[in-house]
Amino acid sequence: MNLIRFGKDFFLQDTKTVSKNLLGKFLCKKTDLGLVITKIVETEAYLSKNDPACHASTKKTKRNEKMFEEGGISYVYLIYGAYYCFNVVTGQKDSGEAVLIRAVEPISGTDIMKSFRPVEKTKNLSNGPSKLCLALNITKKENGFDLIKSDELFLADNENIPHSDIITTTRIGITKGADLPLRFYIKNNEFVSKK
DNA sequence: TTATGGATCTTCT
DNA sequence: GAAGATCCATAAA
């Protein structure tokens with residue numbers, strides 16, 4: 001498979017634009033067992049302004065500092081003391097914006113993913129933000145990774161999803177800013193966490 | 001040093 | 001469909 005990486009320009013666009021553009025693209029992870037390739041099917045945008053749900057909405061801390069870097073790196077954090085969530089940092093340095101990858105569809109290396117996260121149905125392998133982190137073996141060690149240059153964790157180009165097949169709704173699992181329409185997913189895709 | 005809450009998942013009915 | 005598990009990071013004192 002021919003994997004084409006994105007340039008920095010891709011990540012410096014408007015965060016909502018990047019959120020939509022990431023749909024249908026590949027998220028790749030090199031593991032000890034081989035290369036895993038997945039397709040992004042669901043994202044959420046977290047903005048710096050007028051968005052109380054964003055970790056960067058309050059102030060810069062040791063935990064969210066990666067969100068303030070220039071776009072093109074990863075931001076991984078622990079939630080509920082037990083699960084990881086994977087974000088792609090976007091925008092200029094100090095903007096404090098990112099895109100949460102909520103769900104992916106296994107493309108290649110499905111068996112490897114199942115070795116990290118045993119499930120009966122492939123459909124349940126990566127249809128959630130923490131599920132995909134487990135399946136791709138993404139942990140705190142992957143925080144602050146360079147997604148443009150790294151060969152271990154990176155994004156690659158693929159199909160563009162037609163605008164008519166992108167559904168925009170409100171975000172999930174948050175208590176603040178829950179009414180903002182910043183969640184995007186691919187229409188009729190089985191691997192979306194919730195419709 | 002202590003208290004509290006959270007961008008979730010799994011298990012049970 | 002509904003509720004409990006679980007523990008780190010942050011903020012307050």
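Hydrogens, waters and symmetry mates play no part in the numbers below; they use all other heavy atoms, side chains included. In what follows, every chain begins at residue 1, and chains take the letters A, B, ... in the order their sequences are listed. Since this is a predicted model, take the numbers as computed values, not measurements.
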Check your understanding: For A:L78, which contact category applies under a 4.0 Å heavy-atom criterion: base, sugar-phosphate, or nothing?
Key -> sugar-phosphate
Practice item. Taking heavy atoms of chain A and a 4.0 Å limit, find me the 5'-most and 3'-most nucleotide of DNA chain C within that range. Key: C:dT6 to C:dA11
Check your understanding: Is it true that A:D14 and A:K20 have a side-chain N and a carboxylate O under 4.0 angstrom from each other?
Key -> no
Point to revise | Spacing of A:F191 atom CZ and A:I186 atom CD1 [to the nearest 0.5 Å] | key: 11.5 Å
Revision key, fill the gap. A:R171 CZ to B:dT8 P, in whole Å, measures 11 Å
Revision key, fill the gap. Separation of B:dA7 atom P from A:N87 atom CG, nearest Å, is 11 Å
Review point. OP1 or OP2 of B:dT10 sitting under 4.0 Å from any side-chain N/O of A:R117?
Key: yes
Practice item. To the nearest 0.5 angstrom, please state how far the OH atom of A:Y185 sits from the OG1 atom of A:T43. Key: 12.0 Å
Practice item. Would you kindly give the OH-to-P distance between A:Y75 and B:dA7, to the nearest whole Å? Key: 10 Å
Point to revise | N-O pairing of A:R183 and A:E42 below 4.0 Å | key: yes
Review point. Closer to the 5' end of DNA chain C via nearest nucleotide, is it A:K140 or A:Y80?
Key: A:Y80
Exercise for review: Any strand is fair game: report the nucleotide pairing with C:dT6 by Watson-Crick or G-U wobble, both distances under 3.5 Å, or none.
Suggested key: none
Check your understanding: Rounded to the nearest Å, what distance is computed from the CZ atom of residue A:F116 to the P atom of nucleotide B:dC9?
Key -> 18 Å
**Study point:** Paired nucleotide for C:dA11 [Watson-Crick or G-U wobble; both distances under 3.5 Å]
**Key:** B:dT2
**Study point:** Separation of atom CG in A:L47 from atom P in B:dA7, rounded to whole Å
**Key:** 15 Å
Review point. Should we count NZ of A:K114 as having more than 12 external heavy atoms under 6.0 Å?
Key: yes
Review point. So, do A:S130 and A:C85 sit near enough that their side-chain heavy atoms are less than 4.5 Å apart?
Key: yes
Check your understanding: Do side-chain atoms of A:S108 reach the backbone of A:I37 as a donor and acceptor pair under 3.5 angstrom?
Key -> no
Check your understanding: Quick one: is B:dT8 close enough that its OP1 or OP2 comes under 4.0 Å of any side-chain N or O from A:R102?
Key -> yes
Review point. Between A:I79 and A:N127, who's closer to the 5' end of DNA chain B by nearest nucleotide?
Key: A:I79
Practice item. Find the distance A:L132:CG to B:dA7:P and express it as a whole number of Å. Key: 16 Å
Practice item. Using a heavy-atom cut-off of under 4.0 Å over every strand shown, decide if A:A53 touches base, sugar-phosphate, or nothing. Key: base
Check your understanding: Nearest-Å distance, CD (A:E42) to C1' (B:dA7)?
Key -> 11 Å
Study note, to complete from the structure: Separation of B:dG6 atom P from A:I174 atom CD1, nearest Å, is 11 Å
Point to revise | Toward the 5' end of DNA chain B, by each residue's nearest nucleotide, A:P129 or A:K176 | key: A:K176
